[in-house]
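Everything on this sheet refers to the single structure shown next.
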Amino acid sequence: MTDLEILWEKSLNFLNKNDKNVNAIACDIWYPNLKPVRIKDNTLVLSTKMKMVKQAITPEYENKILFAVQQSEPSVSEVIIVLEKDSDLSLIDIDKKEVEKEQTVPKRENPFMEMYTFDSFISGDSNSLALNAAKVVAEHPGVKYNPLFIYSGVGLGKTHLLHAIGNYIYKHNKKLKLTYATTEELVNDFLLSINNIKESSKKAFNEKYRDCDVLLIDDIQFLAGKTATQEAFFNLFNQLYTNQKQIIITSDKAPKDLSNLEERLTSRFGCGLIVDIQTPKIETRVAILKYKAMKEKFMLSNEVAFYIAEISKTQSIREMEGYLNRVIFSSSLLMKNIDTQEMAAEVLSEIVNEKISGKNIDKDIIIETVSTYLNISIKDIFSKTRKQEVVFARQLCIYLISQMLSLPLASIGKLFNRDHTTIMHAKNKIETDLKTDKKLKLQISDITNEFSK
Ligand code: ADP
Ligand code: MG
């Protein structure tokens with residue numbers, strides 16, 4: 001039995017257990033006549049020979065199936081039913097062959113966050129140079145600006161742009177091998193490769209970093225003081241550069257100001273193009289807020305948008321997003337749209353006061369509170385268990401952490417040892433349920449009240 005078949009069998013059992021009383025026909029006739037074909041891009045494709053079954057399974061039933069599948073495979077976010085008889089069949093067969101092939105050839109996973117694209121990057125005076133350079137590099141890697149060095153203060157969109165380049169090449173240039181790493185990962189990989197006597201770990205390092213067509217390194221400033229890795233990176237850089245492989249680097253400072261990095265390295269960074277992102281003007285900040293609100297289907301009034309754009313002290317967009325998230329979050333709890341400055345000030349004053357009183361809400365407090373409230377141990381929350389009540393507690397922690405602290409999804413992923421798709425799914429699941437589930441609303445309200453005690 002393949003993994004896919006096992007997953008499907010588990011899902012059928014789940015449906016039988018939970019749905020049989022309500023819908024015997026679905027459980028006895030429809031579901032058993034579906035066959036799993038593949039999972040690709042988080043979509044599970046199921047096929048059936050019976051037209052009637054395909055017609056009978058309305059979106060409502062697809063959701064039931066999805067929910068059942070997610071019990072064992074939370075990363076699946078969509079279910080599609082296809083008919084085996086019609087033209088889909090050829091597609092399925094080709095895909096099957098593809099799947100078989102994929103199992104022998106290592107699959108090229110997308111290491112980039114899907115939401116960080118050029119489309120979701122709002123352009124303004126402060127960033128248009130960096131954005132245009134990033135687009136050129138994405139369209140013609142290794143040709144024009146090599147390396148591309150992007151720098152800015154914290155939370156102004158470096159990582160977003162880096163992932164946007166990666167996503168673009170991943171989508172449009174299937175043949176290129178992309179290697180993305182934070183500097184922290186680069187250092188770890190390097191140390192592993194030299195401290196491990198096994199030849200294989202050295203080989204793994206070379207395969208990852210030397211045999212690539214595009215290398216994307218985030219936050220190079222963290223190479224400061226890491227002399228051995230700097231040396232290795234210098235050699236790597238030269239090799240890739242000579243072979244016209246594209247290198248893209250981000251940093252919190254311009255190369256000349258990276259005083260803790262060897263000069264021979266920082267001078268290399270200037271061979272291509274150095275661009276910075278500046279703090280955006282109020283209009284761009286408001287445009288970003290409006291875009292993010294629209295994505296969340298939240299009606300953001302001008303008054304509140306300007307207010308949020310003005311109060312964030314650090315000028316970081318991440319901080320500003322954090323305030324917006326809090327407003328959206330409070331609106332959903334209060335069940336009314338926060339659309340005046342006074343209302344926004346009131347819900348946001350809490351964050352400001354928390355900061356002043358020193359009672360900083362952090363991830364540990366959130367996890368502890370959820371754990372106590374739901375009576376699920378912290379150990380279970382961090383475990384791989386897929387028991388429904390534990391999954392729920394975990395999803396709730398992820399949701400609250402992402403709403404209340406403006407932590408990037410990748411960091412939350414690291415915390416829970418899961419990839420960003422799973423984190424995003426958890427967050428979306430709670431968000432969707434919140435719209436209809438009154439009990440959940442109460443639970444969240446209780447938990448957040450605990451924080452202010
Ligand atoms: P940095 O890496 O510079 O610290 P990030 O790339 O992590 O910053 O950006 C922080 C947040 O701000 C992210 O959620 C990102 O999507 C958002 N952001 C930054 N600039 C823009 C922009 N121009 N348009 C839309 N979102 C942006
Ligand atoms: Mg970053």
Side-chain angles (χ1 to χ4, degrees), residues 111-135 138 148-168 180-187 216-224 248-254 257-258 274-296 298 300 305 308-309 312-329 398 401-414 420-421 423-424 427-428:
F112 305 102
M113 299 225 232
E114 276 163 33
M115 59 182 188
Y116 289 164
T117 60
F118 289 131
D119 288 341
S120 64
F121 193 85
I122 307 294
S123 132
D125 295 345
S126 58
N127 59 36
S128 60
L129 223 58
L131 174 61
N132 289 337
K135 281 184 176 167
L148 175 63
F149 190 98
I150 306 173
Y151 74 95
S152 80
V154 60
L156 292 181
K158 296 181 292 292
T159 299
H160 187 137
L161 272 188
L162 195 64
H163 282 253
I165 298 174
N167 273 316
Y168 186 94
Y180 165 81
T182 60
T183 299
E184 200 187 351
E185 271 164 26
L186 172 75
V187 173
L216 306 102
I217 301 285
D218 206 0
D219 287 326
I220 199 76
Q221 72 274 9
F222 292 128
L223 215 53
I248 306 135
I249 297 170
T250 73
S251 162
D252 71 346
K253 290 187 202 71
D257 297 325
L258 285 166
I274 302 173
V275 281
D276 70 334
I277 306 176
Q278 287 160 0
T279 47
K281 284 203 284 239
I282 187 90
E283 294 80 9
T284 313
R285 297 161 76 79
V286 167
I288 293 173
L289 284 169
K290 290 251 169 176
Y291 177 82
K292 305 260 165 185
M294 181 204 56
K295 282 270 154 198
E296 303 282 331
F298 179 77
L300 177 65
I308 296 176
S312 76
K313 296 269 180 314
T314 62
Q315 307 277 305
S316 134
I317 295 170
R318 190 175 303 124
E319 182 191 349
M320 199 173 75
E321 271 179 13
Y323 291 149
L324 173 67
N325 281 340
R326 179 58 87 95
V327 167
I328 297 179
F329 175 62
I398 291 171
I401 289 175
S402 91
Q403 292 294 315
M404 306 195 68
L405 314 174
S406 14
L407 273 188
L409 284 184
S411 314
I412 306 178
K414 226 182 208 172
H420 64 267
T421 349
I423 300 297
M424 193 128 79
K427 188 175 158 242
N428 290 345

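Here the structure is a predicted model, which means the values were calculated and not measured. Residues: numbered from 1 along the sequence shown. First listed ligand is number 1; within each ligand, the first listed atom is number 1.
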For atom 16 (O) of ligand 1, closest protein heavy-atom neighbour
His160 ND1, 2.7 Å
Applying a heavy-atom cut-off of 4.0 Å, say which part of Met115 lies close to ligand 1: side chain, backbone, both or neither.
neither
Once rounded to the nearest 0.5 Å, what's the spacing between atom OH of Tyr323 and atom CZ of Arg318?
13.5 Å
In Å and rounded to the nearest 0.5 Å, what is the CG to CD1 distance from Leu161 to Ile277?
5.0 Å
At a 4.0 Å threshold, what atoms of ligand 1 neighbour a non-hydrogen atom of Asn127?
23 (N)
Supply the atom-to-atom distance Phe149 CZ to Leu258 CG, rounded to the nearest 0.5 angstrom.
5.0 Å
Pairs of nitrogen or oxygen atoms closer than 3.5 Å, one from Gly155 and one from ligand 1: do any exist?
yes
With a cut-off of 4.0 Å, which atoms of ligand 1 are near a heavy atom of Ser120?
24 (N), 25 (C)
Check ligand 1 against Lys158 and write out every atom of the ligand that is under 4.0 Å from a heavy-atom position of the residue.
1 (P), 2 (O), 3 (O), 4 (O), 6 (O), 8 (O)
Please determine if the Mg ion (ligand 2) has an N/O/S atom from Thr250 lying under 2.8 Å away.
no
Does one side chain, of Thr250 or Asp218, offer a donor that lies under 3.5 Å from an acceptor on the other?
yes
Give a yes or no on this: more than 12 heavy atoms of other residues, nucleotides or ligands lie within 6.0 Å of atom CD of Glu184.
no
At under 4.0 Å between heavy atoms, which part of Ile288 makes contact with ligand 1: side chain, backbone, both or neither?
side chain
Just jot down the ligand 1 atoms closer than 4.0 angstrom to any heavy atom of Arg318, in number order.
1 (P), 4 (O), 5 (P), 7 (O), 8 (O), 10 (C)
Whether Asn167 side chain and Ala164 backbone form a donor-acceptor pair below 3.5 Å:
no
In terms of ring plane angle, is the pair His160 and Tyr116 parallel, tilted or perpendicular, where the classes change at 30° and 60°?
parallel
Is it the case that ligand 1 has an N or O less than 3.5 angstrom from some N or O of Leu156?
yes
In terms of residue, atom name and distance, what is the protein heavy atom nearest to atom 24 (N) of ligand 1?
Ile122 N, 2.8 Å
Closer than 4.0 Å to some heavy atom of Gly157 - which atoms of ligand 1 meet that?
1 (P), 3 (O), 5 (P), 6 (O), 8 (O), 9 (O), 19 (C), 20 (N)
N/O donor-acceptor pair under 3.5 Å between Lys158 side chain and Ser152 backbone
yes
Counting only heavy atoms, which portion of Tyr116 has something under 4.0 Å from ligand 1: side chain, backbone, both, or neither?
side chain
Nearest non-hydrogen contact to atom 26 (N) of ligand 1 from the set Met320, Lys292, Glu319 belongs to Lys292
